[in-house]
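Each remark here refers to the structure printed beneath this line.
Every chain is numbered from 1, with letters handed out A, B, ... down the list of sequences.
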2 protein chains.
Amino acid sequence: MVERADAARNRRAILLAAERLLAERGVEHVSLDEVAAAAGVGKGTVFRRFGNRTGLMRALVEQRTMAMIEALSDGPPPLGPGAPPLERLIAFLDAVTELATANVALIAAYEHALTNEEHAERSRQSSPLYQAWHRHVAGLIVQARPDLDGELLAHILLGSLHSDLVRHLLARGESERLNRTLRYLASTLLAAPATRTGSA
Amino acid sequence: MVERADAARNRRAILLAAERLLAERGVEHVSLDEVAAAAGVGKGTVFRRFGNRTGLMRALVEQRTMAMIEALSDGPPPLGPGAPPLERLIAFLDAVTELATANVALIAAYEHALTNEEHAERSRQSSPLYQAWHRHVAGLIVQARPDLDGELLAHILLGSLHSDLVRHLLARGESERLNRTLRYLASTLLAAPATRTGSA
DNA sequence: GTACTATCCGGACCGTCAGTCCGTCTATCC
DNA sequence: GGATAGACGGACTGACGGTCCGGATAGTAC
């Protein structure tokens, strides 16, 4: 059964209203009651559509990141397949920094909702979005440097995009600085192993 | 005026109860009502002592980290002053990994409480504990590599201790793996600049 | 021991919010 | 036009963080 027209209309209205409110007030100052009111629907409708607060936030974030995720596997290089690992990694970091920068409020809302979840294995790492990103980065690292712990390093790299830090930097208008350091970090890590003790 | 004996007794009881409950159930399943009940005091007492949820969590965390923070400036090398930067950095990462590993529940509780705070400049980065750590790490990086963005790299390094990730690794009994990769990362970063394009 | 007071105690109370429930309404299909 | 699956909305619930204040008590002075 296809989604009824009124349902589709309401879903759009809710997403739109949520996005607006989230941008206007902070993450913490938007209740689902308000979202419902702003969208001109009942609260029940919000929950029927999105399950819970996290569901709504996830829908918002996915809306903004889907295109990029698809470009990772199907798009043109260097983001998509075809370029050497370091180039792809840098392209990815650029793209993800830009996304994170443009959507701090949204991502903060999503992460926050996640950490408030019940389920044992909540937490950032278990969200499908994060997993897709992580798989990608870990894969690239391992391709270039099979001797490293790509999986863990990918977590650490992605960790620097925690909305906390991004917000901190954005508040001072320094998102470009984040990007520069990430690029540096990536190049240093992927460079051919130096003759040095203590390799991983 | 010195703290009254009953007040001191209650403070200890509350800290103890909170710690126990936090370890038993998860972060999200401990309300201050319960802490009060478990400590055998009224709820008002908890709030008078610690101000709010965050205050209680902070007190718990500080209890566990004070010793290490003092060792950074006053203890023997390599943790304290006297050893070369890389050694000190590695000693610090060892110490902090151990702390984070041993106190995931506590730290998760603290971070979570922080992100629920009202104030604009909440967030991890603004807690005094984090700032002390950050200052230390950033200082060491700059000492060894004045050409790098030590401040930001310090954020990224510390970011890998976000309780999220630590919990993720601990759940699989791999805290030693985290430590190994951090050591590697630190050594690579602090190594003398290679002849490479794209330096920060 | 008594009296006095600064401080603390406890738990009833409040406002807010995520999430549920169910009687009513309506888009869609025939 | 009528039947019905599914959507609608908003009152309701339960939980929680935080406040308040009348009553209790540690500490002190004598």
Side-chain angles (χ1 to χ4, degrees), chain A residues 1-18 21-22 24-60 108-119 122, chain B residues 1-18 21-22 24-60 108-119 122:
Chain A
M1 171 64 61
V2 71
E3 187 176 49
R4 256 168 60 165
D6 49 351
R9 183 169 15 92
N10 281 337
R11 169 197 275 114
R12 278 193 301 272
I14 292 167
L15 287 174
L16 226 58
L21 286 182
L22 236 34
E24 275 176 27
R25 349 247 264 253
V27 186
E28 291 324 308
H29 300 121
V30 180
S31 72
L32 295 202
D33 278 319
E34 293 172 318
V35 171
V41 306
K43 191 178 180 178
T45 304
V46 176
F47 279 92
R48 198 165 338 91
R49 276 286 96 72
F50 299 101
N52 57 23
R53 191 178 227 275
T54 309
L56 173 57
M57 301 307 170
R58 173 163 42 239
L60 283 170
Y110 180 43
E111 287 184 358
H112 184 260
L114 266 181
T115 73
N116 272 15
E117 286 275 276
E118 290 282 330
H119 309 317
R122 65 277 162 102
Chain B
M1 172 63 62
V2 71
E3 185 176 51
R4 255 169 60 168
D6 50 350
R9 182 167 17 92
N10 281 337
R11 169 197 276 113
R12 279 192 299 275
I14 291 168
L15 286 174
L16 226 60
L21 286 181
L22 237 33
E24 277 176 27
R25 348 247 262 251
V27 186
E28 290 325 308
H29 300 119
V30 180
S31 72
L32 295 202
D33 279 320
E34 292 173 318
V35 171
V41 305
K43 191 178 179 180
T45 304
V46 175
F47 280 92
R48 199 167 335 93
R49 276 287 96 72
F50 299 101
N52 56 25
R53 190 179 229 272
T54 309
L56 173 57
M57 300 307 171
R58 174 163 43 239
L60 282 170
Y110 180 43
E111 289 185 357
H112 184 260
L114 267 182
T115 73
N116 272 16
E117 286 275 277
E118 290 282 331
H119 309 317
R122 65 278 164 99

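- Rounded to an integer number of Å, the gap from CZ of Arg9(A) to C1' of dA7(D) is 11 Å.
- Residues from residues 38-45 of chain A with heavy atoms under 4.0 angstrom of DNA chain D, sorted by number: Gly40(A), Val41(A), Gly42(A), Lys43(A), Gly44(A), Thr45(A).
- Here the nucleotide nearest the side chain of Asn10(B), chosen from dG10(C), dA7(D), dT20(C), is dG10(C).
- Val35(B) and Ala17(B) make their closest contact through O-CB, 4.0 Å (heavy atoms, listed as atom of the first residue, atom of the second, distance).
- In this structure, Phe47(A) places its CZ atom 17 Å from P of dC22(C), rounding to the nearest Å.
- No side-chain heavy atom of Arg53(A) sits less than 4.5 Å from a side-chain heavy atom of Leu56(A).
- Between Phe50(B) and Leu32(B), every side-chain heavy-atom pair lies at or beyond the 4.5 Å cut-off.
- The shortest non-hydrogen separation linking His29(B) to Glu34(B) is O-OE1, 3.3 Å.
- Straight-line distance from the CZ atom of Arg11(A) to the P atom of dA27(C): 17 Å, rounded to whole Å.
- Atom CD of Glu111(A) and atom OG1 of Thr54(A) lie 12.0 Å apart (nearest 0.5 Å).
- In this structure, a donor-acceptor pair under 3.5 Å is present between the side chains of His112(A) and Glu28(A).
- The side-chain hydrogen bond (donor to acceptor under 3.5 Å, both in side chains) search around Arg4(B) returns Asp6(B), not counting sequence neighbours.
- Listed nucleotides: dA7(D), dA26(D), dG17(D). Nearest to the side chain of Ala5(B): dA26(D).
- dC14(C) atom P lies 16 Å from atom CG of Asp33(B), rounded to whole Å.
- Note: CZ (Arg53(A)) to P (dA18(C)) measures 5 Å, nearest angstrom.
- The closest side-chain heavy-atom distance from Asp33(B) to Val46(B) is not below 4.5 Å.
- Look at CZ on Phe50(A): it is 16 Å from C1' on dA18(C), rounded to the nearest Å.
- Between Glu28(A) atom CD and dG17(D) atom C1' there is a gap of 14 Å when expressed in whole angstrom units.
- Proximity of Leu60(A) to Leu22(A): side-chain heavy atoms (C-beta onward) are separated by under 4.5 Å at one or more points.
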Enumerate all atom pairs, one protein N or O and one N or O from nucleotides 21-25 of chain D, separated by less than 3.5 Å.
residue: dT25(D); atom: O2; partner: Arg4(B); partner atom: NH1; Å: 3.4
residue: dT25(D); atom: O2; partner: Arg4(B); partner atom: NH2; Å: 3.4

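- Proximity note for Arg49(B) (side chain, C-beta onward) versus dG17(D), dC8(C), dG19(C): the nearest is dC8(C).
- Protein atom CG of Leu32(A) is 17 Å distant from nucleotide atom C1' of dC8(D), rounded to whole Å.
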